[in-house]
Amino acid sequence: MRDIRSEFIRFWSMREAFLAMIPVLLLSIVFSIINGEIMNAILSGDLSGHDLDPSLAQKPISDLLLEGYLGPVYQASVIFIPIAAAYLFNLEYAHGEHESVLLVSRSLLMRRIGTILCGISWAVGAAFVAAIANYVVCVLQLDLKDEASLSILSAFIVFTRVAVFAILFSVLALFVTALTRRLFVSVIVFVLLLFISLSGILQSIPILHNSLPLIGGKSFAFWDPAEGPYSISGAVVLLLSWIAVSLVGYITLAVGRRR
């Protein structure tokens with residue numbers, strides 16, 4: 001436990017750990033404001049003025065709010081958490097701390113477990129800060145006739161789904177960074193992963209396309225089996241598989257004393 005604790009102290013003593021949360025927070029606020037404008041247009045009936053689907057007017061306010069709790073935080077998290085996490089983890093290699101840990105640590109595995117837990121705590125913390133900001137924007141911006149429609153509990157339950165993606169991308173960033181040891185290459189990997197997911201260029205190969213976390217995990221993120229290629233439980237299995245493979249890959253590289 002001492003090695004894990006020392007890793008937490010080392011990680012959270014870096015000001016970069018807090019600065020890296022800012023892009024996630026800012027992007028979430030931007031998406032929150034845009035989302036709030038769209039939701040107000042739906043509530044006011046001004047759908048044509050915003051080129052919105054008329055069927056949105058039939059959606060219950062509770063469903064609109066759930067999408068409002070999810071969308072901005074989810075989007076900001078999947079875009080910036082892997083890149084920001086890769087930046088933080090790359091500092092260890094850039095500053096030579098990885099090599100020093102190999103030389104002096106009596107319990108290398110425990111130190112690496114500490115690093116994993118630090119990364120997970122950072123990613124979940126960044127998503128949580130973004131979720132709080134998003135909820136505050138909802139409270140301030142939405143023109144609701146019944147303010148009781150806003151629910152902190154519902155917003156928190158939605159956040160827990162985003163937290164799974166945050167955890168996935170934090171451990172994936174650990175693995176990719178340990179594999180490349182170059183920040184630029186790590187960022188390119190995540191940009192490509194995002195591009196491939198959004199562009200759908202792998203749709204001609206369904207097994208690969210559906211295995212991407214942002215595609216295969218959609219039904220879990222939106223809590224709707226119709227949203228993704230798998231059921232909600234299937235999406236959970238896929239996401240957990242990504243987490244497990246990333247963890248095994250990172251431990252293999254980081255504890256294998258690769259130089």
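- As a member of the Ile/Leu/Val/Met/Phe/Trp/Tyr network built from side-chain separations under 4.5 Å, Leu153 groups with Ile157.
- Counting heavy atoms of neighbouring residues, nucleotides and ligands inside a 6.0 Å radius, atom CZ of Phe128 does not exceed 12 of them.
- Ring pair Phe169/Phe190 is perpendicular by interplanar angle, where above 60° counts as perpendicular and below 30° as parallel.
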Side-chain donor-acceptor pairs under 3.5 Å in residues 235-242, sequence neighbours left out?
residue : atom : partner : partner atom : Å
Ser241  : OG   : Val237  : O            : 2.7
Trp242  : NE1  : Ser211  : O            : 2.7

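- Between the side chains of Ser32 and Asn134, at least one donor N or O sits under 3.5 Å from an acceptor N or O.
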request  = Take Val129 and Val24 through the side-chain contact (heavy atoms from CB on, under 4.5 Å) test and state the conclusion after the steps.
outcome  = CA-CA 9 Å; Val129 170; Val24 184; over 6 Å; no
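- Residue Leu140 places its CG atom among more than 12 non-hydrogen atoms of other residues, nucleotides or ligands, all under 6.0 Å distant.
- Hydrophobic clustering of Ile, Leu, Val, Met, Phe, Trp and Tyr side chains at less than 4.5 Å, counting indirect connections, keeps Val136 apart from Ile22.
- A donor-acceptor pair under 3.5 Å is absent between the side-chain atoms of Trp122 and the main chain of Ala85, judged by distance alone.
- Under the 4.5 Å side-chain contact rule for hydrophobic residues, Val73 and Trp223 share a cluster.
- For Ser233, the side chain to side chain donor-acceptor pair (under 3.5 Å) partners are Ser231, not counting sequence neighbours.
- Under the 6.0 Å cut-off for aromatic ring centres, Phe159 and Tyr69 do not qualify, their centroids lying 6.0 Å or more apart.
- In this structure, Leu65 is a member of the same hydrophobic cluster as Phe156, with clusters built from ILVMFWY side-chain heavy atoms closer than 4.5 Å.
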